[in-house]
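The next block holds one structure in the form of structure tokens; read it before the comments.
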2 protein chains.
Amino acid sequence: MGLLPVANAVPAYRDEHLTIDFDRQVAELDATRIVLTRKEYDLLALLVQHAGQIIPRDVLLQRVWGYGAEIRTRTLDVHVRRLRRKLGGYADQYIETIFGIGYRFQPFHAPRYFRQPLKPAFAVGA
Amino acid sequence: MGLLPVANAVPAYRDEHLTIDFDRQVAELDATRIVLTRKEYDLLALLVQHAGQIIPRDVLLQRVWGYGAEIRTRTLDVHVRRLRRKLGGYADQYIETIFGIGYRFQPFHAPRYFRQPLKPAFAVGA
DNA sequence: CCTGCTTTTTACAATTTTTTTACAACTCCC
DNA sequence: GGGAGTTGTAAAAAAATTGTAAAAAGCAGG
């Protein structure tokens with residue numbers, strides 16, 4: 001008699017502060033539910049499901065919004081901002097901006113992003 | 001044991017204010033019978049039998065009305081409204097709207113679905 | 001075919017979410 | 001440091017969803 005879609009059970013994401021139940025589409029931060037709108041959830045879920053990987057803007061816009069490369073919009077930035085707010089103080093720990101490329105979700109303890117200088121930059125003195 | 005075997009005895013729902021006898025298809029609010037039409041009862045029963053779970057609109061329309069995804073109607077909203085009216089002052093405690101998804105019945109004391117005010121994000125660092 | 005009740009539709013108001021806009025702030029490279 | 005390009009942000013505008021009252025449509029029993 002199972003009538004509610006419980007078909008494909010995707011394992012939840014969980015770390016020290018954040019839990020995301022992909023089946024129930026529910027997120028918790030420090031054991032308190034954070035209420036996400038659909039787009040917010042979709043975006044967060046996509047990022048978290050690829051934790052540690054940089055996801056380019058155009059991929060996010062394609063997967064969450066269905067937008068093609070020709071569309072110019074700031075809605076991704078705005079949604080990232082709202083997500084970050086809802087992630088409270090851990091926001092920048094979790095969602096990194098990869099300048100010129102896109103965004104990356106990192107588990108709480110993961111090493112942060114540092115851009116690789118193109119030149120070896122050995123000039124120590126100054 | 002029981003001299004009068006009850007066919008399929010589904011345990012009734014019961015909380016501080018509301019009782020629903022699924023076998024007799026009868027509901028009581030604060031010990032007073034509330035008269036429900038068939039559709040109203042079907043809808044309430046489905047929600048209550050999955051108390052705590054969000055049930056999407058399309059699932060409700062499928063299960064109670066037999067409608068497929070292509071049908072566009074407001075009858076679900078109207079029935080929810082009438083149910084709420086009959087649930088008196090507890091209405092919004094019991095039947096939550098999950099925007100963009102569907103509805104959820106919550107037992108009287110269950111934690112509610114509400115949006116916490118996004119506070120200005122305390123500096124979390126140690 | 002009336003009558004009373006239930007259900008659905010309609011039309012619009014209210015609410016919530018999403019997108020756009022406009023500008024500030026930032027990054028990178030010269 | 002300066003400038004072009006990118007991202008952050010608040011606020012307004014637009015779009016989508018839900019709430020509601022009232023009319024219309026169905027449906028049984030007489």
Side-chain angles (χ1 to χ4, degrees), chain A residues 25 34-44 47 54-58 60-87 91-92 94-104 112-121 123 126, chain B residues 25 34-44 47 54-61 63-87 91-92 94-104 112-121:
Chain A
Q25 308 204 345
I34 50 181
V35 179
L36 300 173
T37 68
R38 184 141 55 205
K39 279 283 193 299
E40 285 167 1
Y41 172 81
D42 289 348
L43 176 57
L44 179 60
L47 287 168
I54 296 172
I55 308 186
R57 294 179 65 95
D58 52 324
L60 292 168
L61 283 168
Q62 168 57 55
R63 303 271 315 253
V64 176
W65 281 268
Y67 287 176
E70 69 288 356
I71 295 181
R72 202 173 87 265
T73 177
R74 307 298 319 283
T75 195
L76 169 58
D77 306 82
V78 175
H79 275 84
V80 166
R81 158 154 173 72
R82 281 200 290 257
L83 263 185
R84 281 178 167 153
R85 286 199 80 178
K86 293 187 177 179
L87 288 176
D92 294 319
Y94 280 125
I95 300 182
E96 296 175 304
T97 300
I98 314 299
F99 190 94
I101 314 236
Y103 294 93
R104 173 169 67 170
R112 302 299 143 211
Y113 174 77
F114 289 109
R115 181 185 148 275
Q116 302 294 331
L118 293 181
K119 290 183 183 177
Chain B
Q25 307 203 344
I34 50 180
V35 180
L36 299 173
T37 68
R38 165 128 298 284
K39 280 284 193 295
E40 284 168 1
Y41 172 81
D42 289 347
L43 176 57
L44 179 60
L47 287 169
I54 296 172
I55 308 188
R57 293 179 67 95
D58 51 325
V59 173
L60 292 168
L61 284 168
R63 302 278 310 178
V64 177
W65 281 269
Y67 288 175
E70 68 287 355
I71 295 182
R72 199 173 91 267
T73 177
R74 307 300 318 282
T75 195
L76 169 58
D77 306 81
V78 174
H79 276 84
V80 166
R81 160 156 170 70
R82 280 200 292 258
L83 262 186
R84 280 178 168 153
R85 184 142 56 181
K86 293 186 177 178
L87 287 175
D92 294 318
Y94 280 125
I95 299 182
E96 296 175 303
T97 300
I98 314 299
F99 192 97
I101 314 256
Y103 293 93
R104 174 168 66 172
R112 300 299 147 213
Y113 169 90
F114 52 172
R115 51 205 81 255
Q116 46 262 34
L118 356 140
K119 51 177 185 177

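In what follows, chains are A, B, ... by sequence order, proteins preceding strands, each numbered from 1. The structure presented is a predicted model; accordingly, all values stated were derived computationally and were not measured.
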Spacing of A:R38 atom CZ relative to D:dT17 atom P, expressed in whole Å: 7 Å
Integer-rounded Å distance: D:dT18 C1' and B:L61 CG: 13 Å
Nearest atoms (heavy-atom pairs only) where B:V35 meets B:K86: O-NZ, 2.8 Å
Distance, rounded to the nearest Å, where A:K86 contributes NZ and C:dT18 contributes C1': 12 Å
Spacing of B:L60 atom CG relative to C:dT8 atom C1', expressed in whole Å: 17 Å
Interatomic distance where CD belongs to A:E40 and C1' belongs to C:dT19 [whole Å]: 13 Å
Contacts under 3.5 Å, N or O only, protein and nucleotides 3-9 of chain D:
residue: D:dT7; atom: OP1; partner: A:G100; partner atom: N; Å: 3.0
residue: D:dT7; atom: OP2; partner: A:R57; partner atom: NH1; Å: 3.3
residue: D:dG8; atom: OP1; partner: A:R84; partner atom: NH1; Å: 2.8
residue: D:dG8; atom: OP1; partner: A:T97; partner atom: OG1; Å: 2.7
residue: D:dG8; atom: OP2; partner: A:Y103; partner atom: OH; Å: 2.6
residue: D:dG8; atom: N7; partner: A:R74; partner atom: NH2; Å: 2.9
residue: D:dG8; atom: O6; partner: A:R74; partner atom: NH1; Å: 2.7

Which residues share a side chain to side chain contact (heavy atoms under 4.5 Å, CB included) with A:R74, sequence neighbours left out: A:D77
Separation of B:L36 CG from B:L43 CG (nearest 0.5 Å): 10.0 Å
A:T37 side chain near C:dT16 phosphate (N/O to OP1/OP2, under 4.0 Å): no
Value in whole Å for how far the P atom of C:dT7 lies from CZ of B:R82: 7 Å
Terminal helix-axis angle for the helix from C:dC1-D:dG30 to C:dC30-D:dG1, with five pairs defining each axis and rounding to 10 degrees: 40°
Partner residues of B:T73 under the side-chain hydrogen bond (donor to acceptor under 3.5 Å, both in side chains) criterion, sequence neighbours left out: none
For B:Q25, all residues meeting side chain to side chain contact (heavy atoms under 4.5 Å, CB included), sequence neighbours excluded: B:R38, B:Y41
Sugar-phosphate only, base, or nothing, as touched by A:T75 at under 4.0 Å among non-hydrogen atoms: base
Contacting residues from residues 62-72 of chain A, given that a heavy atom lies under 4.0 angstrom of DNA chain C: A:W65, A:Y67
